[in-house]
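Take a look at the structure below.
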Amino acid sequence: DAKTTQPPSMDCAEGRAANLPCNHSTISGNEYVYWYRQIHSQGPQYIIHGLKNNETNEMASLIITEDRKSSTLILPHATLRDTAVYYCIVSAPRSSYTGTASKLTFGTGTRLQVTL
Amino acid sequence: DGGITQSPKYLFRKEGQNVTLSCEQNLNHDAMYWYRQDPGQGLRLIYYSQIVNDFQKGDIAEGYSVSREKKESFPLTVTSAQKNPTAFYLCASTSERNTIYFGEGSWLTVV
């Protein structure tokens with residue numbers, strides 16, 4: 001699995017958009033970009049994932065650069081409940097031929113603090 | 001509802017003892033994972049299993065052991081060889097599209 005690099009921390013005012021960057025310069029062609037977040041002492045929560053096109057769901061938007069070497073998670077209107085550690089990981093889907101599952105290595109993530 | 005169940009939520013271990021953390025999933029997922037998290041740190045991979053009767057070491061496997069006798073179960077044993085076992089342990093499984101489902105975690109404290 002490709003390695004990811006994220007800033008250790010970010011601040012965002014409530015109601016504003018939070019833009020969390022992630023670098024994954026060694027990403028392979030079949031690897032997806034996944035975003036998860038973890039609120040203290042809980043299991044991480046899935047947010048969104050994408051391959052090369054931009055994606056949007058009810059929680060967030062994911063912007064992937066054309067060369068796929070970096071991406072940005074956007075929380076359009078951050079609230080205090082969005083304060084958490086956000087993890088960006090890249091991995092390939094399980095191979096239906098070999099049955100091989102990805103190693104799924106997490107980095108240290110970005111601690112997002114949303115303030116009033 | 002489908003999901004991952006970890007037990008116990010809190011566990012205390014005396015030095016020199018082995019303890020086993022349970023992880024059960026009813027999602028019919030083939031791949032399962034164990035992570036360790038220390039306060040203020042990210043998740044580090046201990047072991048993962050791609051299929052029944054198969055598992056691989058992660059980045060910090062020393063002092064831990066696992067088994068995968070059933071698809072639904074992936075227990076983690078923290079052995080006495082693990083010198084600093086106090087941590088938060090997370091079990092996970094993945095769908096074929098690699099969406100990760102996590103359990104609620106287990107806190108292990110050495111007393």
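So that the names make sense, note that chain A is the first sequence line, chain B the second, and so on, each numbered from 1.
Note: Ile100(B) leads Ile100(B), Asp59(B), Ile4(B) in heavy-atom pairs under 4.5 Å with chain A.
For Tyr35(B), the part lying under 4.5 angstrom from a heavy atom of chain A is the side chain only. Neither the backbone nor the side chain of Gln45(A) comes within contact range of chain B; no heavy atoms are under 4.5 Å apart. Looking at Gln6(B), there are no atoms closer than 4.5 Å to chain A (heavy atoms on both sides), in backbone or side chain. Looking at Leu90(B), only its side chain comes within 4.5 Å of chain A, counting heavy atoms on both sides. Both the backbone and the side chain of Leu43(B) come within less than 4.5 Å of a heavy atom in chain A.
Atom CZ in Phe106(A) sits 15.5 Å away from atom CD in Gln41(B) (nearest 0.5 Å).
Within the structure, the salt bridge (charged side-chain N to carboxylate O under 4.0 Å, His left out) test picks out the following pairs touching residues 34-48 of chain A (sequence neighbours left out): Arg37(A)-Asp82(A).
In the hydrophobic clustering of this structure, Ile89(A) does not group with Ile46(B); members are Ile, Leu, Val, Met, Phe, Trp, Tyr whose side-chain heavy atoms approach within less than 4.5 Å, directly or through other members. At a threshold of 4.5 Å between side-chain heavy atoms, the hydrophobic network of Ile, Leu, Val, Met, Phe, Trp and Tyr places Tyr10(B) and Phe88(B) in one connected group. Cluster membership check: Val66(B) does not share its hydrophobic cluster with Leu45(B), using side-chain heavy-atom separations under 4.5 Å among Ile, Leu, Val, Met, Phe, Trp and Tyr. Phe102(B) and Ile60(B) are assigned to two separate hydrophobic clusters, defined by single-linkage of ILVMFWY side chains at heavy-atom distances under 4.5 Å. In terms of hydrophobic clustering, with Ile, Leu, Val, Met, Phe, Trp and Tyr side chains grouped at heavy-atom distances under 4.5 Å, Val78(B) and Met32(B) are assigned to a common cluster.
Using a 4.5 Å cut-off between non-hydrogen atoms, the part of residues 108-116 of chain A that approaches chain B consists of Thr108(A), Arg111(A). Taking non-hydrogen atoms and a 4.5 Å limit, the residue list of residues 46-74 of chain A in contact with chain B, ordered by number, reads Tyr46(A), His49(A). Among residues 103-111 of chain B, the residues having any heavy atom closer than 4.5 Å to a heavy atom of chain A are, in sequence order, Gly103(B), Glu104(B), Trp107(B).
For the pair Tyr36(A) and Thr99(B), the minimum side-chain heavy-atom distance is below 4.5 Å.
By the 6.0 Å contact criterion, NZ on Lys9(B) is enclosed, its count of non-hydrogen atoms from other residues, nucleotides or ligands being greater than 12.
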